[in-house]
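Values below: every heavy atom of this structure, side chains too, minus hydrogens, waters and symmetry copies. Residue numbers start from 1 in every chain, and the chains themselves are labelled A, B, ... in the order their sequence lines are given, proteins ahead of strands.
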Amino acid sequence: MKTLKVIGMVFFALLVAAGAFANEINAAQNAVSIDTVWMLIAAFLVFFMQAGFAMVEAGFTRAKNASNILMKNLMDFAMGSLAYWAVGFALMFGKDLWGFIGTSGFFLSGGDPFTAEGLWQLAFWMFQVVFAATAATIVSGAMAERTKFIAYLLYSAVISAVIYPVVGHWIWGGGWLGNLGMVDFAGSTVVHSVGGWAGLVGAIMLGPRMGKYVEAGGMRKVRAIPGHNLPIAALGVFILWFAWFGFNAGSTTSGTNPSIGTIAVTTNLSAAAGAFTSMIYSWIRFKKPDPSMSLNGALAGLVAITAGCAAVSPTSAVIIGLVSGVLVVLAVQFFDKVLYIDDPVGAVSVHGVCGAFGTLMVGLFAQAEYAESAGIGTINGLFYGGGWSLLGVQATGVGATFVWVSIACLGLFSLIRKTVGLRVDKDEELRGLDIEEHGVEAYNGFQIFTTQ
Amino acid sequence: MKTLKVIGMVFFALLVAAGAFANEINAAQNAVSIDTVWMLIAAFLVFFMQAGFAMVEAGFTRAKNASNILMKNLMDFAMGSLAYWAVGFALMFGKDLWGFIGTSGFFLSGGDPFTAEGLWQLAFWMFQVVFAATAATIVSGAMAERTKFIAYLLYSAVISAVIYPVVGHWIWGGGWLGNLGMVDFAGSTVVHSVGGWAGLVGAIMLGPRMGKYVEAGGMRKVRAIPGHNLPIAALGVFILWFAWFGFNAGSTTSGTNPSIGTIAVTTNLSAAAGAFTSMIYSWIRFKKPDPSMSLNGALAGLVAITAGCAAVSPTSAVIIGLVSGVLVVLAVQFFDKVLYIDDPVGAVSVHGVCGAFGTLMVGLFAQAEYAESAGIGTINGLFYGGGWSLLGVQATGVGATFVWVSIACLGLFSLIRKTVGLRVDKDEELRGLDIEEHGVEAYNGFQIFTTQ
Amino acid sequence: MKTLKVIGMVFFALLVAAGAFANEINAAQNAVSIDTVWMLIAAFLVFFMQAGFAMVEAGFTRAKNASNILMKNLMDFAMGSLAYWAVGFALMFGKDLWGFIGTSGFFLSGGDPFTAEGLWQLAFWMFQVVFAATAATIVSGAMAERTKFIAYLLYSAVISAVIYPVVGHWIWGGGWLGNLGMVDFAGSTVVHSVGGWAGLVGAIMLGPRMGKYVEAGGMRKVRAIPGHNLPIAALGVFILWFAWFGFNAGSTTSGTNPSIGTIAVTTNLSAAAGAFTSMIYSWIRFKKPDPSMSLNGALAGLVAITAGCAAVSPTSAVIIGLVSGVLVVLAVQFFDKVLYIDDPVGAVSVHGVCGAFGTLMVGLFAQAEYAESAGIGTINGLFYGGGWSLLGVQATGVGATFVWVSIACLGLFSLIRKTVGLRVDKDEELRGLDIEEHGVEAYNGFQIFTTQ
Amino acid sequence: MKLIIAYIQPHRLNDVKQELYKEEVFKISVTNALGCGQQRGYHESYRGVDIEVNLLKKVRLEIAVNEDFVERTVEAIIRGARSGKIGDGKIFVIDLPECIRIRSGERGGVAIG
Amino acid sequence: MKLIIAYIQPHRLNDVKQELYKEEVFKISVTNALGCGQQRGYHESYRGVDIEVNLLKKVRLEIAVNEDFVERTVEAIIRGARSGKIGDGKIFVIDLPECIRIRSGERGGVAIG
Amino acid sequence: MKLIIAYIQPHRLNDVKQELYKEEVFKISVTNALGCGQQRGYHESYRGVDIEVNLLKKVRLEIAVNEDFVERTVEAIIRGARSGKIGDGKIFVIDLPECIRIRSGERGGVAIG
Ligand SMILES: Nc1ncnc2c1ncn2[C@@H]1O[C@H](COP(=O)(O)OP(=O)(O)O)[C@@H](O)[C@H]1O
Ligand SMILES: Nc1ncnc2c1ncn2[C@@H]1O[C@H](COP(=O)(O)OP(=O)(O)O)[C@@H](O)[C@H]1O
Ligand SMILES: Nc1ncnc2c1ncn2[C@@H]1O[C@H](COP(=O)(O)OP(=O)(O)O)[C@@H](O)[C@H]1O
């Protein structure tokens with residue numbers, strides 16, 4: 001949907017450019033300013049997600065690996081910014097080739113400060129780069145506490161530069177899925193599923209952390225490896241929730257879009273509902289309301305509403321959130337206890353599974369009145385008389401993304417494994433990545449049991 | 001004051017609606033966009049207060065209860081959002097009944113995405129829900145470290161659904177206090193006093209934490225139970241101060257309101273002055289400048305200016321802040337050492353006492369030139385020739401709120417005490433709510449003395 | 001450059017004032033609203049830097065001094081706000097005297113809420129006060145872990161009230177450097193170098209922390225004193241990066257300025273590049289990628305781009321960032337291992353050195369097309385055909401600022417040393433400032449080794 | 001002289017200290033410990049996975065006393081720490097041939113108090 | 001009775017506990033410690049300055065046992081903790097003349113288990 | 001063999017370590033402790049309420065040495081830790097009948113160093 005918006009903006013910006021540079025004040029030009037201001041503030045908020053992810057991932061893992069995970073979160077944004085500037089943005093939003101990939105605008109070459117279009121591109125890049133970085137940073141959670149730092153740097157750059165932009169082009173950049181009519185307003189699939197599935201492939205290829213699954217008498221026993229700092233993990237979730245308002249409502253890329261308020265409402269309600277049902281459901285299943293599950297539940301609700309935030313009613317948002325809160329607990333259990341895939345922070349369940357779920361839900365809950373007011377066309381989901389077609393397109397998008405990301409990541413991680421290596425060795429893992437990879441401790445002076 | 005604003009907005013939005021949907025760009029429509037953008041960003045900031053409260057409350061209490069307090073902060077927002085969506089918003093802003101309560105708009109039924117009014121309602125709900133959650137979350141601090149989790153869930157939902165909306169209706173929703181002319185611009189009374197008084201009733205009914213007041217030789221000795229993490233508490237205060245700009249300046253619900261800058265200034269100066277005098281006064285009284293008191297002082301200044309931020313001059317704001325910084329220290333001492341009411345984070349003093357104080361100060365310091373520029377009418381306080389009338393109205397509001405909240409909470413907490421129980425048992429309190437209520441530790445692996 | 005902007009705004013605000021107060025809606029008035037909204041939100045973000053600095057400085061120092069550093073960060077903003085309201089703003093932006101100092105507008109006397117100009121002044125003060133506080137807060141990092149609290153309060157008030165405003169007047173307030181044509185768009189020199197050089201003088205006069213440099217056999221050995229909490233330090237850097245978008249893009253003080261997007265892009269790219277090269281360079285030199293250096297590197301990139309963010313291309317921003325990331329590592333090593341100046345958090349290197357560096361870079365990389373679109377005139381650096389003149393002016397500004405700040409701080413700190421004393425005594429330093437100066441511990445209950 | 005080592009429940013520390021004060025035993029050293037004894041631990045659960053916590057938080061006291069103080073000290077600890085429930089703890093008493101006060105260099109019984 | 005004090009590598013704690021369980025030694029106390037022994041430490045670096053870390057993280061076990069359990073316990077610890085590398089740790093055995101169970105007041109050998 | 005237990009001021013640890021090195025005592029174990037002795041503690045205040053802090057931070061050393069090293073070690077600790085002020089600490093010396101190196105299984109005096 002962003003494509004249309006971009007093209008619209010550019011066209012309209014050109015119209016008013018004369019006025020703008022003649023230093024007269026007119027309404028059209030003010031509208032451009034409002035849109036730019038809105039999009040930039042949203043971009044700043046989405047940038048702040050980096051802090052949220054860093055805190056969540058550090059808090060949910062062990063103290064001995066905290067510096068390492070923080071470094072990863074810092075560097076994926078730093079390198080991702082450079083990679084997306086050099087290559088990613090061009091592949092995603094450049095001149096379309098066969099509906100598959102963009103081919104122009106490397107190194108932000110389109111950002112001419114003398115044209116309204118160029119100025120808009122610069123602001124638009126700012127908004128897009130933080131999305132690219134979000135996709136990349138999700139992966140670090142699923143692969144935490146055992147991945148080599150150098151391996152992380154490499155794959156995270158490739159995700160920002162290539163793997164994410166390809167999906168982005170398909171859905172937002174004028175590619176085949178967008179042309180089919182897929183609706184992924186703010187990126188349940190583009191951003192979150194991409195990150196989630198990349199993490200899934202990575203977690204499988206790495207294998208579990210030492211001591212996570214213990215073979216005893218032919219039986220595999222699952223052991224918990226609790227995170228070391230719940231307060232900062234909770235802070236991270238609050239930061240993410242806060243930033244998500246920029247993520248979703250900002251994805252109009254326009255402050256004059258009349259539905260920005262509606263989007264904020266659906267976003268908030270789904271997150272609230274997700275946290276609520278995760279808490280209740282974990283209470284029922286594990287006898288106690290589990291804090292880390294409830295935190296995951298809020299994120300699940302946020303991820304799930306991201307695709308449809310502009311196209312569903314507040315009531316539908318509540319329903320989507322309620323379901324996603326249960327779904328995320330089930331998914332975490334499934335990956336951990338059935339598939340024995342070790343995902344320390346639940347990134348695959350939150351971003352991969354709930355991202356796919358949310359994208360499909362658009363096919364059920366989309367309502368024309370909401371979608372129209374947001375300017376994304378007259379679409380209706382199955383429950384509102386739109387029939388199966390939208391659901392089919394959504395499912396195609398979910399499937400195609402899964403296939404692309406899996407294959408690309410399989411290749412990427414295999415290559416890394418064969419060259420620099422993917423996983424630290426046993427002793428390094430035992431003693432902690434902070435000391436082994438970075439020569440520092442995260443909490444100097446604190447007495448911490450590192451027996452696990 | 002918000003009522004008028006809302007009605008004004010809606011009217012004016014209708015005027016321009018034709019234009020808006022015909023996709024022409026005109027100034028009136030831009031103004032609506034500016035207002036919506038401003039109000040939404042303010043709402044996002046106010047949401048972020050949840051993170052601030054969570055950090056302050058966790059930091060000021062013991063490590064063994066940290067997960068519990070974080071869960072409470074998360075769930076009061078999650079459940080509060082759902083409750084305010086289903087019921088609270090309707091009671092607060094629905095069709096007025098006898099000046100006492102609203103009666104329409106349950107489940108956001110007024111949020112029609114096809115009308116400018118409906119769209120405004122959605123955005124407006126987003127702004128209001130974060131206020132409702134703030135009122136609810138204040139309570140958790142006063143009742144920290146000993147309240148049953150289930151009890152917390154219940155009362156926090158009721159506060160967001162009923163107790164807060166009633167006061168909100170009286171003052172902001174077209175109710176009797178607003179009609180009398182009470183000025184509580186951003187909610188010193190509506191939000192903060194409601195939270196503070198609810199916490200007061202709760203803290204009394206719960207009784208003090210074990211070991212807080214020790215009977216020795218007929219004498220009651222007061223003991224300190226220091227918080228476990230000052231850095232996150234300080235972070236919380238910075239987050240709250242940051243978010244407060246949204247709270248106060250956003251309460252214009254309009255970015256075209258010419259006084260948003262003035263409000264930011266008064267807000268900032270009062271907070272600065274409050275922190276300053278708290279520091280100085282704690283230095284004089286306790287020989288050392290007390291960090292937690294100084295942090296409370298900043299909050300005291302913020303709470304106190306909230307009612308009058310749009311109606312007083314910067315100089316008056318400094319005075320209000322200076323006084324509130326001393327007041328909060330006195331109040332903390334009074335509740336702790338005279339009344340033996342155990343309020344772990346000082347919530348009653350900060351939000352209850354300083355909220356009431358700030359509301360009264362409007363009756364003294366209001367100045368027509370500031371109030372007019374903010375669009376809240378020609379009002380003057382006692383010091384600026386307005387006589388006693390405004391002060392009287394303000395006092396009525398403060399009193400009425402206190403009475404309503406006390407009675408309602410007394411009933412509510414009694415009911416909870418009789419049904420699910422209000423307080424955890426002694427062993428649970430000793431071992432910590434994290435393990436007993438949630439089965440987890442907040443700081444896994446850290447060696448922490450839990451002898452207290 | 002801000003001067004021009006201010007004057008322009010005021011003029012134009014007066015033009016539209018009639019309309020504004022007649023409650024008609026017109027485009028000119030909307031533009032003022034957009035500018036105000038943008039500037040205020042940017043101001044809020046810059047305020048949030050206080051949280052960032054507090055976390056960085058606390059995290060990079062020892063646990064036994066954490067409360068103290070937090071108190072310092074709180075109080076410098078509180079006192080700085082009051083000082084800047086009473087005096088600083090007037091000295092900086094008041095009626096010019098000999099190009100050296102402002103002389104009117106004490107106690108915000110120009111903030112008349114009935115005129116558009118007065119309203120703008122209030123909003124503008126809000127934006128400026130957070131800059132003043134940033135300059136002051138930088139100093140606390142360089143002087144951490146050994147400065148008396150009372151000494152800190154005094155000098156931080158003087159910096160906000162006098163030392164910073166003087167430089168501010170020279171460059172932004174209509175003073176001689178601004179008139180010479182110096183370009184320091186958002187304050188590499190005005191804000192960061194001032195803070196950095198003040199910290200340098202302070203660190204020299206205080207001397208190193210005990211145990212930092214050990215005399216052994218005539219040789220001076222440098223010892224590391226690691227920070228105690230890397231997660232909050234990293235959080236602090238993310239907060240600063242987030243807030244910096246407000247710092248730089250907000251320095252247009254106008255949301256209708258077409259280059260706000262461009263500024264966000266240059267800011268982000270430079271930070272990313274700085275973090276990247278710091279990581280790489282620390283890897284090469286110290287064998288392991290150093291987290292605290294990488295965090296400093298991001299800040300170095302941000303500081304360095306601050307002067308030229310509106311005047312250079314994204315590609316130039318990348319280059320500036322890449323160099324500053326290496327420069328900061330070299331500077332830290334130089335101050336620590338060659339000059340034996342103990343700067344616990346690297347504030348002098350990050351803010352002083354990279355601030356000066358960034359200011360000079362404008363003389364090389366400025367490009368007329370970017371500068372013009374931002375409204376700061378037709379300027380070109382050496383690399384873009386502008387010759388040596390701009391570089392000369394920039395160097396003059398850097399030098400003059402260094403001289404003024406050094407002399408003023410030398411006097412100030414000497415005076416403080418002779419009166420209340422500058423440094424705590426040995427035993428206080430050993431046991432920690434938290435207990436000695438504030439009578440509290442930052443992490444109550446945690447077992448922490450305080451052997452160092 | 002004897003060195004008395006006691007493991008007690010953390011929340012009993014204050015009571016034990018008070019009982020020791022009554023017996024005029026003012027000098028003690030305290031460390032954090034994890035203990036595994038008759039008290040079987042309990043189950044936490046993290047993200048739905050059970051954690052068997054069999055290392056429970058204890059506080060370890062070390063008190064050096066002269067012979068004539070041994071029984072009084074042991075009794076005081078018992079009075080302060082006993083709740084009658086499993087997990088109350090243990091006291092170990094070992095011989096202490098030598099004790100030196102660092103400040104003064106004094107040795108033996110005089111250095112202990 | 002004997003009091004066995006052992007310093008082991010932190011990540012060996014689980015193995016040692018398991019070996020002790022096999023020998024039916026259920027009661028142990030654990031503390032965190034820093035150790036400086038043959039294992040020479042390693043170099044960290046912070047902001048480019050070397051830190052010689054010669055106090056390495058160890059876990060300290062304290063186990064009171066009756067005479068007939070001493071060898072079994074020592075052997076179990078060795079089995080669980082030995083990797084053959086420097087830093088594996090040490091075991092100290094000291095005499096324990098008295099042991100008291102706080103809960104019941106029982107003394108001597110019966111109180112130990 | 002003897003086991004030397006010493007409580008010292010935390011900030012003296014480096015000095016003590018250096019003195020021990022000079023005497024060629026390289027192997028020590030360190031734990032955090034809280035101590036309550038002649039040094040009466042001090043008053044903190046939190047939110048205006050006094051906290052009497054009578055458990056002060058100390059560092060506990062444990063050093064196993066052969067007989068001929070005992071005096072040298074004790075002297076070294078005293079040199080490193082003494083400031084002459086109350087709170088300097090205590091040294092306790094107890095008998096150590098057995099010592100085992102986990103890595104090699106060696107026992108007795110040879111295992112100690
Ligand atoms: N034999 C022992 N060796 C070492 N520590 C012991 C021993 N027996 C008990 N302890 C310590 O004492 C604590 C309490 O022991 P426990 O058997 O649970 O108490 P109780 O005997 O009162 O039931 C344990 O957690 C452990 O720390
Ligand atoms: N003589 C001793 N006194 C006190 N602690 C000791 C002594 N020898 C060893 N230790 C403890 O045991 C740990 C392991 O000792 P080390 O000599 O490194 O092991 P190994 O003998 O297997 O090489 C040390 O870190 C220290 O904590
Ligand atoms: N009898 C004792 N039993 C256990 N620990 C002791 C004893 N005496 C002293 N200590 C430890 O030694 C520390 C220093 O003791 P203190 O009496 O303050 O020193 P000094 O004798 O130099 O004045 C105490 O804090 C405590 O940890």
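Only the backbone of F:T31 comes within less than 4.5 Å of a heavy atom in chain C; its side chain stays farther off. Using a 4.5 Å cut-off between heavy atoms, C:D427 contacts chain F through its side chain alone, with no backbone atom that close.
Heavy atoms from other residues, nucleotides or ligands lying under 6.0 Å from NZ of C:K426 number 12 at most.
With a 4.5 Å cut-off on side-chain heavy atoms, C:E441 and F:K57 count as touching.
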